[in-house]
Amino acid sequence: MKPKLLLVVLLFLAFFKISAFANQQALNIERLIPENFELAFPNEQNRQPRKSDFAIVSYALMSNQAGERWAVVTIRNLASGWRMLDQKHILALTANGERISPLDIEQHFKAEETLSLTINFGRHKFPLLSIYSKAD
């Protein structure tokens, strides 16, 4: 009888640990910030995205309890030819005014193509407030 009880206890503990891990890792959509919400953080390091033909159409910000910051970003290639998007073309503004680049991304875009991408910005204490590019 004791081995069965021990097995039940071990299974319960394993399930509890897996559930706690899953809850910490699951991404949640952040509350949307209104478009007229003005931000005026100083950019003392003058950190800007690389000039490109990519325009941010829209985005949804996500995070989890572990501090991971993600975004689903809809991006349009404004060029009449194909282009390659990489992490230097996009920046995110965090709630403490820091500008951060996404982790490695490479995506080919056809001429005037619009795509939605799920982009990882790594782990940060402060949430993301906005995502932007610098289209020519």
Same cluster or not: are Tyr59 and Leu115 linked, directly or through other Ile, Leu, Val, Met, Phe, Trp or Tyr residues, by side-chain heavy atoms under 4.5 angstrom apart? yes
**Asked** Checking side-chain contact (heavy atoms from CB on, under 4.5 Å) for the pair Ser52/His89: CA distance, chi angles, key distance, verdict?
**Response** CA-CA 7 Å; Ser52 69; His89 293 119; 3.3 Å; yes
Value for CD (Glu113) from NE2 (His108), rounded to nearest 0.5 Å, stands at 11.5 Å
**Study point:** Side-chain heavy-atom pair Thr114, Thr74 within 4.5 angstrom cut-off
**Key:** yes
*Taking everything shown except Arg76 itself, do over 12 heavy atoms lie less than 6.0 Å from its CZ?*
no
Taking every heavy atom of Ile90 against every heavy atom of Pro102, the minimum-distance pair comes out as O-CD, 3.3 Å
- prompt: Do Arg50 and Asp86 pass the salt bridge (charged side-chain N to carboxylate O under 4.0 Å, His left out) test, and can you show the C-alpha distance, the side-chain angles, and the key distance before you say yes or no?
  reply: CA-CA 10 Å; Arg50 179 191 299 161; Asp86 67 32; 3.5 Å; yes
pair Phe109-Leu85: side-chain heavy atoms closer than 4.5 Å: yes
Rounded to the nearest 0.5 angstrom, the OG-CD distance for Ser80 and Glu112 is 7.0 Å
In this structure, CZ of Phe121 is separated from CG of Leu91 (nearest 0.5 Å) by 8.0 Å
Value for CZ (Arg123) from CD (Glu68), rounded to nearest 0.5 Å, stands at 5.0 Å
ask   = With hydrophobic residues grouped by side-chain heavy-atom distances under 4.5 Å, do Leu117 and Leu27 end up in a single group?
value = no
Hey, does Phe54 have a side-chain heavy atom less than 4.5 Å from the side chain of Asn77?
yes
Does a side-chain heavy-atom distance below 4.5 Å link Val57 with Ile75? no
**Q.** Same apolar cluster: Leu39 and Phe126, side chain cutoff 4.5 Å
**A.** no
Review point. Do you see a donor-acceptor pair shorter than 3.5 Å between the side chains of Thr94 and Arg99?
Key: no
To the nearest 0.5 Å, atom CH2 of Trp70 lies from atom CD1 of Ile119 at 10.0 Å
Closest non-hydrogen contact found for Asn120 with Arg69 is OD1-O, 3.5 Å
Looking only at heavy atoms, the pair that brings Asn64 and Ala26 closest together is CB-O, 3.0 Å
Does any non-hydrogen side-chain atom of Ser63 lie less than 4.5 Å from one of His124? no
CD1 of Ile105 to CD of Gln107, rounded to nearest 0.5 Å, is 8.5 Å
Under 4.5 Å between any side-chain heavy atoms of Ile131 and Leu61, yes or no? yes
